[in-house]
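Here the structure is laid out as structure tokens; the discussion comes afterwards.
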Amino acid sequence: MMRVFALAIGLIIVTGGVQAECMKDGTPSLIVSLSVEGRNLDRWEPVAGRIHRLRLPHGSELGIQIDPTTEEKYRALLTDAPWRGVEELVKITLFEMSGPAPVIMTSTWGGINSKQGYGPSSGADNAPLSDQIELWLHKSVCVTLENLKSQR
């Protein structure tokens, strides 16, 4: 019994925060990590319609909004496509937050298990940022006893 407990604790420590969303209630949730020029700066669970605000190392105020993809977007991608399906996507919108109201800098689409880059060196949509940022999007597939029973 003690070995099972030690194994469970070891798995929790090894998997860390990436798997933590499954351990809450067994429901997968999207986790976003932001790094700036290779250094981790922030990590959060996005809420649809809400802008996550942060200050980049060179002082600019950035807002990031992550929203689910609409059925219309999926239909547009899949209609007349040579493939049957696509990875689950999210809409990623970057905002300049230093003024009185948020101003959209760029809006793109990204896979839920992907890395998206923005900034002066490269990235999606040539967002006018002074810092090179990377968004790491991760959504686990959670296994629960209920999942296992329904697969029989």
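Proximity of K91 to T70: side-chain heavy atoms (C-beta onward) are nowhere separated by under 4.5 Å. Between L77 and T69 there is no side-chain heavy-atom pair separated by less than 4.5 Å. Contact of the E37 side chain with the P57 side chain is not registered, since no non-hydrogen atoms from C-beta on lie closer than 4.5 Å. At least one side-chain heavy atom of L54 sits less than 4.5 Å from a side-chain heavy atom of L41. Using a 4.5 Å heavy-atom threshold, the side chains of H52 and I66 count as separate. Using a 4.5 Å heavy-atom threshold, the side chains of Y74 and E88 count as touching.
The two residues Q132 and G117 come nearest to each other via the heavy atoms NE2-C, 4.4 Å. S140 and P28 make their closest contact through O-CB, 2.9 Å (heavy atoms, listed as atom of the first residue, atom of the second, distance). The two atoms that bring Q65 and R50 nearest to each other are CG-O, 3.7 Å, heavy atoms only. Shortest non-hydrogen contact noted between S107 and T93 is OG-OG1, 3.2 Å.
Note on L129: it clusters hydrophobically with L137, by side-chain heavy-atom contacts below 4.5 Å among ILVMFWY residues. Cluster membership for L89 and I31, using ILVMFWY side-chain heavy atoms within less than 4.5 angstrom, is not shared. In this structure, L56 is a member of the same hydrophobic cluster as Y118, with clusters built from ILVMFWY side-chain heavy atoms closer than 4.5 Å. Note on L34: it does not cluster hydrophobically with M97, by side-chain heavy-atom contacts below 4.5 Å among ILVMFWY residues. Put simply, L30 and I92 are part of the same group of oily side chains (I, L, V, M, F, W, Y) that touch within less than 4.5 Å, one to the next.
In this structure, E87 places its CD atom where more than 12 heavy-atom neighbours from other residues, nucleotides or ligands lie under 6.0 Å away.
Although no hydrogens or angles enter the test, the distance criterion places no donor-acceptor pair under 3.5 Å between the side chain of D131 and the main chain of G119. Checking side-chain atoms of D67 against main-chain N and O of G49 turns up a donor-acceptor pair under 3.5 Å.
Atoms CG and NZ, on L78 and K73 in that order, are 10.5 Å from each other to the nearest 0.5 Å. Interatomic distance, CG of L135 versus NZ of K115, reported as 11.0 Å (0.5 Å rounding). If you take CH2 on W44 and OG on S33, they are separated by 8.0 Å, rounding to the nearest 0.5 Å. Note that the CD atom of E45 and the NZ atom of K139 stand 10.5 Å from one another [nearest 0.5 Å].
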For this session: Report the C-alpha distance between V36 and H58 in whole Å, list the side-chain angles of each, state the deciding distance to 0.1 Å, and finish with yes or no for side-chain contact (heavy atoms from CB on, under 4.5 Å).
Result: CA-CA 10 Å; V36 177; H58 288 111; over 6 Å; no
